[in-house]
Each structure stands twice: as C-alpha cells, then as structure tokens.
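The following block contains the structure, expressed as structure tokens.
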There are 2 protein chains.
Amino acid sequence: MTNIYEIAKKAEVSHMTVSRVFNNPDLVGKKTREKIISIANELGYRPSQIARSMRTKKTNYIGLVLPDILNPFFPEVVRGVDDYARRNKYNVILVNTDNDYEVQTSSMEVFINRGIDGVILGGIAGGKKDTELLNKMIKKDIPVVLIDRFIPSVNSSYVITDNVKAAYEATQYLVRLGHRKIGIVSSPQKIKIFHDRLLGYKKALEDNDIEFREEYVCEGEEVVESGYETFKKLLEKINGFTAIFSMSDFMSFGIYKYCKEKTISIPDDISIISMDDIFTSAHLNPPLTTMAQQKYEMGYNAAKILIDSIRKNKLPDKQLVLEAKLIERESCRKIG
Amino acid sequence: MTNIYEIAKKAEVSHMTVSRVFNNPDLVGKKTREKIISIANELGYRPSQIARSMRTKKTNYIGLVLPDILNPFFPEVVRGVDDYARRNKYNVILVNTDNDYEVQTSSMEVFINRGIDGVILGGIAGGKKDTELLNKMIKKDIPVVLIDRFIPSVNSSYVITDNVKAAYEATQYLVRLGHRKIGIVSSPQKIKIFHDRLLGYKKALEDNDIEFREEYVCEGEEVVESGYETFKKLLEKINGFTAIFSMSDFMSFGIYKYCKEKTISIPDDISIISMDDIFTSAHLNPPLTTMAQQKYEMGYNAAKILIDSIRKNKLPDKQLVLEAKLIERESCRKIG
DNA sequence: GTGAAAGCGCTAACAT
DNA sequence: ATGTTAGCGCTTTCAC
C-alpha cells in the first residue's frame, strides 16, 4: 500500500504537503498540488481511512440496529438510512437482532470499541434494560436516534409515526363505513407506540359515542403467526365483529390466512384495516386497506438527524413525528 | 478514553502485559492477569479496534453489496450473513445499490480505503464493467464471494442455486400436471443465472418431446411492475397458455395483479409456478407454488466461505451450489 | 506556501 | 512471565 511518504519522496516535498492536498488543497500551491495528484494517481494511492480515524477520532461509520429485517417494514427504512448516509460519505453497519436483547446490547459494546460515530436504533421495547442501555449510550456521549419506537421516560432523539392520530383515523374510517363493533388485533401494549394506537382507537370511539370494551382487544406479537392466533382467540371470545383494526400489516397477513381457512370473506363478512403498508400488502386478496407509514422517510430523516448532530459534535435532540396516510384498498366495506 | 498505558501504570506493569491479557491471556501470570482485568473493568477500558486495525491490517469488517433490499429475497440473505459474521466477531457494512452500477463501483473504492477484509457481492450482472470490477478486486487481493449470481468468465468464489436443475424441475412439474403450452416470464437473459433457468426449461421440454418455441418467452426486469407488463405482452403475443413459468416470485406478484384485473383465474384458467419463495408468496391468493431457494443458507455460507478465506489469508475459491426445493401450493392444477 | 516533530493506541519482534 | 523498542499512516501543532 502506497502512503503519503512515498508520494512525498517522489514529488520531493514533505509528507505534510501531500496530506494537505487531500484535506485542504487550497493551502497548497497549484503547481505542487497538480504534481502530487498526478503522482498519487500514478501510484494508485488511497488515503487510509483507518489511520485517519486513529487521529481524528471519527470513523464515518454509523450503526443501524434492527429487530427483524424479515419484516418488510425495515428494508425500506434501511434504504432510507443507506441513501442518506452514503451521499454524506458515511457507511452503515447493519445488525439484525432477531429481537434478541443480548444481541442488541453486545452490538452497542462492539460499536463503542469500533469508535462508531453514532447509532440508529430500531425496535427498542421500553423495558428496564432498554432504558438503561439508552441512558448508558447518552452518558457515553454516543449519538443515538431511535426509529419506529421510543421510550417516553428517556429524553432521546427519535423519528416515529404519529400513532395516536393514525389509529384514530383508521377507526374513524371504519365508523364512517358504518362499523360499531370493531375488534383489535394488538401488538404488545407494553410498547409505547402500540399503546398509542389503542389510545387513538379509544378516542375515535369516544368521539363517535361508541362504548369502549376491553374484551374487544386481543394482544399478540408482531409476527404473521401471532396475527393468526390472536385473531382466532378474539373471534372465539366475542361474536359478530363487523370490522377489525389490526396494529400491523404483518399481523394482518395472519388474519387473512385464518379467514381463508375458515372461508370468512374479507370484506363481505368482516372488514380489515391495519397499519404499515408494507410491500405486498397491495398484493393480498383483497388488497389491504391500511395506514401507510413513511418508512423510507423514517430512515432517511433518522440518518440526517444523526449525521447532522455528529457534525455539530453534540448529541441529537430532534424528535420528528411523521404522518401516516390512509391507503384505501379493498379490505373494508360499507355496512348498515 | 482509557488506554493500555493508563492501566499499565496503575497495575505497575508494562503496557505489553496489559495488551497480552486481552490477546494472549495464557502468556500472563494468573495474579497479574486478574489484577489487570480488575483495573480494566474499574476504568471501563475497551480496546480500540481502530488502533488494532492500524497494526494488524485487519478490520473485521466485511462489505455486503446488494442490488435491491426491497426484494424480500435479500433480507433473508442479509440475516444469514449477519448471523455468521456476528458469531465470528465480524461486522457487516451494508450497501444497497438500487441496481445503480455507479454505487456498486464506488462502494468498492470506499471499502478499499476503509481496509475492509472482504466483500460479499450480490446482483452482479455480468457485463464488461462488472467483469472488470471483479477482476480488479481479485488483483488487489481483496476476497470476494458472489451470491445469487456469478460471472462464468471470472474464476471467483460464489454461492448460488442450481438454476438449471430448479427450472428443469419446475417445468417437469407442470408437464406432469398435463401442461404442454408453457409460457415463460423471464428475467434478463444476459444474466447467466436467468439464462440457466431457460436452459433448464428447454431441457425439460426436450425430455418430454415438447418442442421449444422462442415466442413463448418474454423478457422483463426483476420487479413487480415488469412482471405485470411482461406477462401482458406474452398473452398479447400468444393465446392459450395453460401454464406459466415465472423466473422470480417478485415478477409473479405482477402476474397475479394482471390476472386479478382481467379476472383470469389462477389456477383454473392458468397455472403459475415460479422461483424464490420469498416471504408472502405463501400469502398470495392462491398461495404460490414455487421453487424455494435457500436464501438464509446462501448468506450464511457466503459469509462462512469469506471469513474462512480471510483467516487463512488467501483468496476464496470455493463455489457452492445449493439446491432449490419445490414448494407445492395452490397456483397450479392438473389438466387434460 | 511548506516543513519538522510528536503522537493517536495498539501489536510484532526481539529481548531478558 | 514480562519488558523495550519501533512503527502502522495519518493529522495537529507549531515553526519558518
């Protein structure tokens, strides 16, 4: 590997002049500069980012920790993060935790050892350990931006969707279509954003003088199989729902599966609305009506906030709330 | 940031003894070792991976370059790569090229500057520029393992599916169901693996004494919209296909969309088989019959081959061919 | 506009 | 079992 000394020798200047050509070209005379550039090209010189990091304490790496890359929600987020990062000369270190808390924690350790400049953290659940981890990162002055989820008790930066509003609008939509008996296939309520979705649902019922009933809510995990099971349980408990608000498209896939098995027709027998608008929701039969989250923007803006804060050398504090948008397809029908 | 000198001072040993504790603990006396570890913990010491890389010329980073992270084929690959890498103390730098050749090339430059240990490269198309890029990497002694696709003229390491065989089996399956007029919705034939799929199809026809007809093949890009368009073109050209072999599930989604619009019933009017078995193919209506590729294994093994070769300090040369497996669902029916 | 010296934190190589 | 020396390739600082 050729280095600045080798070039310096050939160009008969000091290595510092070579260094300047690549960092502050204006400080070097035109002639010298051109000579050095020409020699550098000739020798195929490439500055060592490692040596640079060693001195500057900046690596131009950011970490991206995701709970489940198989959920089509996240690839779009990845795309947004990667696009912004690459255009700004940062690279993304991806870690998929598969919802394993151990992996999440140890990744942070690794990131610190690697001198990473900042972290985008998705899928934080909000338990005691999560809170501790987040506080620890803040205390160590490592910039963290949360995406998709956040922890109310920790004053961190995040990019999320307005979940209360999205759930409110989804429920309003169903009510407008004449539905009053609306079941909920819920993701874990201990996670704040899913709790917010329940809040939005409740508020919509209230505004329409419909009584909220605890037994209309059934809770599961945010995976396809659990959508199936949770929906099944809900139907076994209560009869005669005309509509369901599912908290994520991923779970709705399970609902569709169950309906197919039991020849329950969507939307003739039951209307379904959910949230996310992940890829292929449009390709279900019938195409799924859902509150689309701005996934690409979520990733893109998280990267922007993070990198801006790194450049300013201070912890990020921006909290961005994106709007969800109703995508009306064919899984809901008017009744009554 | 505390370093080995600080610890050495406190422990009244040389910095080398501290270094040894973290690299060759056996070479250090038990008592000294324990003392050093205790002080290190107390001070919250973490070895700087950057300084380490500076000396050893190893970063423990591998690059993963993918053409389209939105295609659900790739998240599974990512998961495989990430799992193997993490367990072996490597981290993955992800780049999504969106099929932009410029991004692919410049990523390699960045990787080289960053002193990355090796690269897993997906979605290489096989054109002149791709060939040059690959040869350049090999010449620079940077280990590269290709996944999903390969270039026959370059003697590189890769992990792919046996595409000839998979297409052969898919076609055989259709023939066994009584189909003889089988159309092809093809991905770009200039890419070797898709050409191989055509070869498999042809071979199956030949073995069953069915004449191959050029006009039964229609070519598009590997995205949903193109699946729609290509299928449409194919039907406009030729009438009366009883079955279609689609070269990827992604394109099949487009076929389903077209069929829905034109109320063509799958499998009553036409049978569809394809390749990949991406997530949600099982959730289409009817569930898609397809040749499942071993996506996780592809990623996992590519990472294994790459990291093995890095550790042995030689370029990877292993070429692994995985089998596809028929997943019989409901998009094909028996006729005649 | 250019250069000399020092040092980032670590490990390889060679001592003892 | 432990220590000494040198140096990885770069940038910061200060000097001219």
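Quick note on labels: first sequence line is chain A, next is B, and so on, each numbered from 1.
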query: Does NZ or CZ of A:Arg52 fall inside the cone over A:Phe22's six-membered ring, less than 6.0 Å from its centre and within 45° of the axis?
result: no

- request: Output yes when B:Lys136 and B:Glu132 qualify as a salt bridge under the 4.0 Å nitrogen-oxygen rule, no when they do not.
  value: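 Salt bridge between B:Lys136 and B:Glu132, a charged N being under 4.0 Å from a carboxylate O: no.
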
field: Euclidean distance, atom CE of residue A:Met54 to atom C1' of C:dA6 [Å, nearest integer]
entry: 13 Å

- request: Return the value, rounded to whole Å, for the distance between atom NE2 of A:His15 and atom C1' of D:dG9.
  value: 9 Å

message: As a test of reading the structure: which of D:dC10, C:dG3, D:dT5 is closest to the side chain of B:Met16, going by heavy atoms?
response: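 Of all the options, the side chain of B:Met16 is nearest to D:dT5.
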
query: When only distance counts, do a donor and an acceptor, one from the side chain of B:Arg46 and one from the base of C:dG9, lie under 3.5 Å apart?
result: no

message: Tell me whether the side-chain N/O atoms of A:Ser14 come closer than 4.0 Å to OP1 or OP2 in C:dG3.
response: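 Yes, A:Ser14 has a side-chain N/O under 4.0 Å of OP1/OP2 on C:dG3.
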
- prompt: When you measure from the side chain of A:Ile4, which nucleotide among C:dT11, D:dG3, D:dT11 comes out closest?
  reply: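 Nearest to the side chain of A:Ile4 among the choices is D:dT11.
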
message: Distance check, rounded to the nearest 0.5 Å: B:Asp82 atom CG versus A:Ile93 atom CD1?
response: 11.5 Å

message: A side-chain contact here means heavy atoms from C-beta on lying under 4.5 Å apart; do A:Leu121 and A:Met137 qualify?
response: no

message: Students often get this wrong, so: under 4.0 angstrom with heavy atoms, is A:Phe22 touching a base, only sugar-phosphate, or nothing?
response: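 Here A:Phe22 touches no strand at all.
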
- request: Look at all strands and tell whether A:Ser53 reaches a base, only sugar-phosphate, or nothing, counting heavy atoms closer than 4.0 Å.
  value: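 Nothing, no heavy atom under 4.0 Å.
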
- prompt: Does A:Ser19 make a side-chain N or O approach to OP1 or OP2 of D:dT11 shorter than 4.0 Å?
  reply: yes

message: Nearest to the B:Arg55 side chain among D:dG3, D:dC8, D:dT11, which nucleotide is it?
response: D:dC8

- prompt: Could you state the NZ-C1' distance from B:Lys58 to D:dC8, rounded to the nearest angstrom?
  reply: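 Nearest whole value for this atom pair: 15 Å.
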
field: Spacing of B:Ile7 atom CD1 relative to C:dG9 atom P, expressed in whole Å
entry: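 From B:Ile7 CD1 to C:dG9 P: 12 Å.
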
statement: B:Tyr5 OH to C:dC10 P, in whole Å, measures 8 Å

task: Assign each of B:Ala51 and B:Thr17 to its nearest nucleotide of DNA chain D by heavy atoms, then name whichever residue's nucleotide is nearer the 5' end.
output: B:Thr17

- prompt: Hey, does the side chain of B:Thr56 come within less than 4.0 Å of C:dC10's phosphate (OP1/OP2), counting only N and O?
  reply: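 So the side-chain polar atoms of B:Thr56 never come under 4.0 Å of the phosphate oxygens OP1 or OP2 of C:dC10.
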
- request: Can you tell me the distance, in whole Å, between the CG atom of B:Asn23 and the C1' atom of C:dA12?
  value: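 Taking atom C1' of C:dA12 as the reference, CG of B:Asn23 is at 11 Å.
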
field: Distance in angstrom units between A:Arg20 CZ and C:dT2 P, rounded
entry: 9 Å

- prompt: Between D:dC8, C:dC8, D:dT2, which nucleotide has the shortest distance from any of its atoms to the side chain of B:Leu27?
  reply: D:dT2

message: I want to verify a distance call: between C:dA13, C:dG3, D:dT11, whose nearest atom is closest to the A:Arg52 side chain?
response: D:dT11

Heavy-atom side-chain proximity of A:Leu315 to A:Pro143 below 4.5 angstrom: yes

Length of the CD1-P vector between B:Ile36 and D:dT2, whole Å: 8 Å

